[in-house]
> 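One structure is given below, represented as structure tokens, and several questions about it will come after.
Along the sequence shown, residues are numbered consecutively beginning with 1. All figures in this text were calculated on a predicted structure; none of them were measured in a lab.
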Amino acid sequence: PGVWPAEEPQDLEQLISALGALTAQQLATWPEYAARVGGLDKLQYEQVAVGGAHVLVQFNPGRSQRPNSHTNMKITPENCFLSPGNQPEEERAIIVDDVLISVNPFPLSPEQFVVSSLTHKPQTLGSQLTAMLRLAKAIRGNGTLGYNGAVSGGASNPEHAHMHIVPDLPIEAGLAKSGLGKALLSRNGVDIYMPRGLIASQIVVRGSEPEAVQDTMLRLADRLRVADEREARMNVTARYNGKSTVFQAILTPRNEASTE
């Protein structure tokens with residue numbers, strides 16, 4: 001009690017195989033999780049037109065019972081579902097640096113993981129971006145790191161820093177189809193793009209040095225922040241291309257955030 005069962009700390013070079021082993025172990029020992037993964041074949045889709053573009057909407061019945069922290073209840077370390085000690089008995093995790101990686105109990109896909117802070121601290125991009133880029137490099141393009149902002153970004157728990165490892169996202173397919181276009185700005189080894197022809201405004205940052213990519217992303221996020229709010233209304237993804245040794249981070253502004 002009070003301690004979340006976790007595997008020994010993992011070397012980043014072994015992370016891909018460790019995630020596969022974790023998934024297999026959880027499918028074999030956690031019936032509720034296995035049932036939700038099995039239920040992914042019951043997903044329902046509908047294509048709708050939005051602003052001249054076609055959007056594929058997904059309905060996932062298995063996620064209807066997931067914890068929802070968007071209530072009037074104050075989230076504390078004692079009741080936070082991401083804080084160590086508050087997880088189901090069957091749940092296991094991998095420790096990497098100062099984060100825990102576990103399967104998503106309410107998955108959107110069979111290969112989705114939650115990366116959460118070992119300590120209970122608010123959801124901010126600044127607290128996550130270093131680990132986000134390190135993990136993106138470790139999985140070498142075998143998935144995408146995703147961050148949902150605490151303010152209108154869809155974070156299920158805005159009071160506990162976390163992100164996700166997910167398979168390839170439609171946002172990346174859209175970029176591959178539309179192309180990046182010409183860089184708006186190139187500075188300190190980082191290129192910044194704002195591709196055209198996408199359903200949502202997106203800012204793409206590319207560079208080989210993670211520190212430069214991180215600094216640029218945090219500067220952009222700060223410029224997009226609405227006054228008196230914790231951080232910008234945004235979603236962020238990050239990938240690493242091992243062949244070109246380039247990090248690519250995408251910032252998608254939400255609601256009142258401005259890209260002017």
> More than 12 heavy atoms of other residues, nucleotides or ligands under 6.0 Å from CD of Gln58: is that the case?
yes

> Please report the C-alpha distance between Leu43 and Phe59 in whole Å, then the side-chain angles of each, then the deciding distance to 0.1 Å, and finally whether the side-chain contact (heavy atoms from CB on, under 4.5 Å) criterion is met.
CA-CA 6 Å; Leu43 297 181; Phe59 173 63; over 6 Å; no

> Donor-acceptor pair, Ser17 side chain versus Gln14 backbone, under 3.5 Å?
yes

> Would you check if there is a donor-acceptor pair between the side chains of Thr124 and Gln128 at a distance under 3.5 Å?
no

> I'd like to check the side chain to side chain donor-acceptor pair (under 3.5 Å) partners of Gln44; sequence neighbours left out, ordered by chain and number.
none

> Side chains of Asn235 and Arg254, heavy atoms from C-beta outward: is any pair under 4.5 Å?
yes

> Under 3.5 Å, is there a donor on one side chain and an acceptor on the other for Thr76 and Glu78?
yes

> Only pairs at least two apart or in different chains count here, so list each ring pair (Phe, Tyr, Trp, His ring centres under 6.0 Å) that has a residue in residues 197-231.
none

> Going by side chain to side chain donor-acceptor pair (under 3.5 Å), name the residues that satisfy it together with Glu231, two or more places apart in sequence or in a different chain.
Tyr147

> Just to verify, what does Ser117 make a side chain to side chain donor-acceptor pair (under 3.5 Å) with, not counting sequence neighbours?
Thr119

> Val99 vs Leu118, test: side-chain contact (heavy atoms from CB on, under 4.5 Å). Steps then yes/no.
CA-CA 5 Å; Val99 298; Leu118 279 168; 5.9 Å; no

> Mind checking side-chain contact (heavy atoms from CB on, under 4.5 Å) for Leu218 and listing every partner two or more places apart, or none if nothing turns up?
Leu125, Leu129, Gln214

> Quick one: list whatever passes side-chain contact (heavy atoms from CB on, under 4.5 Å) with Glu32, sequence neighbours left out.
Trp30, Arg36, Glu90

> Among all residues two or more places apart in sequence or in another chain, which pass the salt bridge (Lys or Arg N to Asp or Glu O under 4.0 Å) test with Asp215?
Arg219

> Using a 3.5 Å cut-off and no angle test, enumerate the donor-acceptor pairs between side-chain atoms of residues 182-198 and protein atoms at least two apart in sequence or in another chain.
from, atom 1, to, atom 2, distance (Å)
Ser186, OG, Asp191, OD1, 2.6

> Please check if atom CG in Asp228 has more than 12 non-hydrogen atoms from other residues, nucleotides or ligands closer than 6.0 Å.
no

> With rounding to the nearest 0.5 Å, note down the distance linking CG in Leu224 to CG in Leu251.
6.0 Å

> Let me check something: do Val166 and Leu175 share a hydrophobic cluster, defined by ILVMFWY side-chain heavy atoms less than 4.5 Å apart, either directly or through other members?
yes

> For Leu145, does its backbone N or O pair with a side-chain atom of Thr237 as donor and acceptor, under 3.5 Å?
no

> Which residue pairs pass the ring pair (Phe, Tyr, Trp, His ring centres under 6.0 Å) test with at least one member in residues 203-246, sequence neighbours excluded?
Tyr240-Phe247

> Are Ile250 and Leu180 grouped together when hydrophobic residues (ILVMFWY) are joined by side-chain heavy atoms under 4.5 angstrom apart?
yes

> Does a side-chain heavy-atom distance below 4.5 Å link His160 with Gln123?
no

> Going by the rule side-chain contact (heavy atoms from CB on, under 4.5 Å), which residues pair with Gln47 if we only count those two or more places apart in sequence or in a different chain?
His54, Leu56

> For Arg140, enumerate each residue passing the side-chain contact (heavy atoms from CB on, under 4.5 Å) test, keeping only those at least two apart in sequence or located in another chain.
Glu13, Ile16, Asn142

> Check the hydrophobic clustering (I, L, V, M, F, W, Y; side-chain heavy atoms under 4.5 Å; chains of links allowed) and say if Tyr45 and Leu40 are grouped together.
yes

> Please lay out, stage by stage, how Asp97 and Thr130 fare under the test side-chain contact (heavy atoms from CB on, under 4.5 Å).
CA-CA 11 Å; Asp97 297 333; Thr130 297; over 6 Å; no

> Work out which heavy atom in Ser208 is nearest to a heavy atom in Val246; give both atom names and the distance.
OG-CG2, 4.0 Å

> Return the set of residues passing side chain to side chain donor-acceptor pair (under 3.5 Å) with Arg206 (not counting sequence neighbours), or none when no residue passes.
Gln248

> Quick one, Val103 with Glu91, criterion side-chain contact (heavy atoms from CB on, under 4.5 Å). Give me CA distance, side-chain angles, the key distance, then yes/no.
CA-CA 8 Å; Val103 298; Glu91 188 165 351; 5.6 Å; no

> Do Ile101 and Leu27 sit in the same hydrophobic cluster, where Ile, Leu, Val, Met, Phe, Trp and Tyr count as joined when their side-chain heavy atoms come under 4.5 Å apart?
yes

> Check whether any side-chain N or O of Glu211 sits under 3.5 Å from a backbone N or O of Glu209 as a donor-acceptor pair, and report yes or no.
no

> Determine, for Glu229 against Arg225, whether the closest basic-nitrogen to carboxylate-oxygen distance falls under 4.0 angstrom.
no

